[in-house]
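The structure appears below as structure tokens.
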Amino acid sequence: MKNQYEIATEMIINSNYEIKGLKTFMGREGYGVNASLYYKGKKIAFIMDSGNGGCLDIDYLDGHHRNTPSHITEFLKTLPSFTNKERGFEFREDEESRMNEEDFCNELIDYSLAQKEFKKCLKKVSVLTDDNTIASYKAKSSELDNTYNFKEGKMTFREYVLKDKSVKTILNDLPLDDAFNVYMENRGGA
């Protein structure tokens with residue numbers, strides 16, 4: 001069963017907001033990002049995290065500048081409140097909180113980064129193992145049905161992979177949405 005934070009995250013991901021043009025770089029205190037925020041296919045803001053330990057800079061287009069557009073403010077009000085414990089924090093566990101504008105953008109950025117990593121993962125033969133981790137072979141996904149000479153004999157790369165009893169499924173064989181869902185559920189072990 002999903003907690004309130006997970007429900008809020010899912011609502012954000014399934015909303016009319018999306019991130020495009022995401023670029024990452026190394027800042028002084030971690031990774032930084034540059035991206036554009038879109039609403040219903042229209043660019044509404046440029047987002048920058050300089051990686052220097054500060055907050056996100058969200059520069060809205062259409063004259064909003066530093067003021068959050070009303071459609072974002074209204075959307076944030078629809079998100080359920082949750083405790084910090086649900087979010088994985090140990091402090092102020094009982095305090096109710098809601099996502100703010102920065103949390104909202106960070107959820108979209110994290111989801112966009114996961115999509116990029118997933119696409120990279122699927123370029124190689126990637127599998128879900130019985131301990132629920134994602135593993136990748138050096139072989140390209142296009143080589144799955146190529147025949148090779150292995151020490152066990154001549155077989156396709158797919159047959160070679162499936163000989164490993166710890167392999168539950170080959171992600172490259174799943175429909176893209178299903179493969180992404182498996183990836184998202186199990187990427188912590190990767």
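- Summarising the geometry, atom SG belonging to C105 is positioned 11.0 Å from atom CG belonging to D110; distances are rounded to the nearest 0.5 Å.
- Under a hydrophobic-cluster definition in which Ile, Leu, Val, Met, Phe, Trp and Tyr are linked whenever side-chain heavy atoms come within less than 4.5 Å, directly or via other members, L113 and F104 are assigned to the same cluster.
- Pairing each heavy atom of F157 with each of E143, the nearest pair is CB-O, 3.5 Å.
- Rounded to the nearest 0.5 angstrom, N181 CG and L171 CG are separated by 11.0 Å.
- Nearest heavy-atom pair across Q4 and S81 is CB-O, 3.1 Å.
- Atoms CG and CG, from D178 and D173 in turn, are 12.0 Å apart once rounded to the nearest 0.5 Å.
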Let me have the donor-acceptor pairs involving side chains of residues 162-169, under 3.5 Å, with sequence neighbours excluded, atom names and distances please.
{"from": "D164", "atom 1": "OD1", "to": "S166", "atom 2": "N", "distance (Å)": "3.0"}
{"from": "D164", "atom 1": "OD1", "to": "S166", "atom 2": "OG", "distance (Å)": "2.7"}
{"from": "D164", "atom 1": "OD2", "to": "S166", "atom 2": "OG", "distance (Å)": "3.3"}
{"from": "K168", "atom 1": "NZ", "to": "N132", "atom 2": "OD1", "distance (Å)": "2.6"}

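- Proximity of a side-chain donor or acceptor of N100 to a complementary backbone N or O of E102 within less than 3.5 Å is detected.
- In this structure, L174 is not a member of the same hydrophobic cluster as V127, with clusters built from ILVMFWY side-chain heavy atoms closer than 4.5 Å.
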Please table the atom pairs, donor to acceptor, closer than 3.5 Å between any side-chain atom in residues 22-46 and protein atoms at least two apart or in another chain.
{"from": "S36", "atom 1": "OG", "to": "K43", "atom 2": "NZ", "distance (Å)": "3.4"}

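- In the hydrophobic cluster analysis, where Ile, Leu, Val, Met, Phe, Trp and Tyr join through side-chain heavy atoms closer than 4.5 angstrom, I19 is grouped together with M11.
- Heavy atoms only, all atoms of each residue included: S15 and F75 are closest at CB-CZ, 3.6 Å.
- Proximity of a side-chain donor or acceptor of E74 to a complementary backbone N or O of H71 within less than 3.5 Å is not detected.
- Within the 4.5 Å cutoff, the side chain of F82 has no heavy atoms near those of the T9 side chain.
- No donor-acceptor pair closer than 3.5 Å links the side chain of S112 to the backbone N or O of I109.
- The CG atom of L128 sits 7.0 Å away from atom OG1 of T133, with the distance rounded to the nearest 0.5 Å.
- Ring centroids of F180 and Y111 are separated by less than 6.0 Å, placing the two rings close together.
- In the hydrophobic clustering of this structure, Y60 groups with I12; members are Ile, Leu, Val, Met, Phe, Trp, Tyr whose side-chain heavy atoms approach within less than 4.5 Å, directly or through other members.
- Taking both residues in full, the closest heavy atoms of I134 and N186 are given as CG1-O, 3.9 Å, listed atom of the first, atom of the second, then distance.
- Here OH of Y160 is found 6.0 Å from CZ of F150. Values are rounded to the nearest 0.5 Å.
- By the 6.0 Å contact criterion, CG on D177 is open, its count of non-hydrogen atoms from other residues, nucleotides or ligands being 12 or less.
- Nearest heavy-atom pair across A114 and M184 is CB-SD, 3.6 Å.
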Y5 vs E107, test: side chain to side chain donor-acceptor pair (under 3.5 Å). Steps then yes/no. CA-CA 11 Å; Y5 176 75; E107 289 297 332; 2.4 Å; yes

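- Scanning for side chain to side chain contact (heavy atoms under 4.5 Å, CB included) contacts around N172 gives L122, V125, S126, S141, L144, I170, with sequence neighbours left out.
- Rounding to the nearest 0.5 angstrom, the gap separating the OG1 atom in T147 from the NZ atom in K154 is 6.5 Å.
- Cluster annotation: M48 is not connected to I58 through the hydrophobic network of ILVMFWY side chains, with a link wherever side-chain heavy atoms come within less than 4.5 Å.
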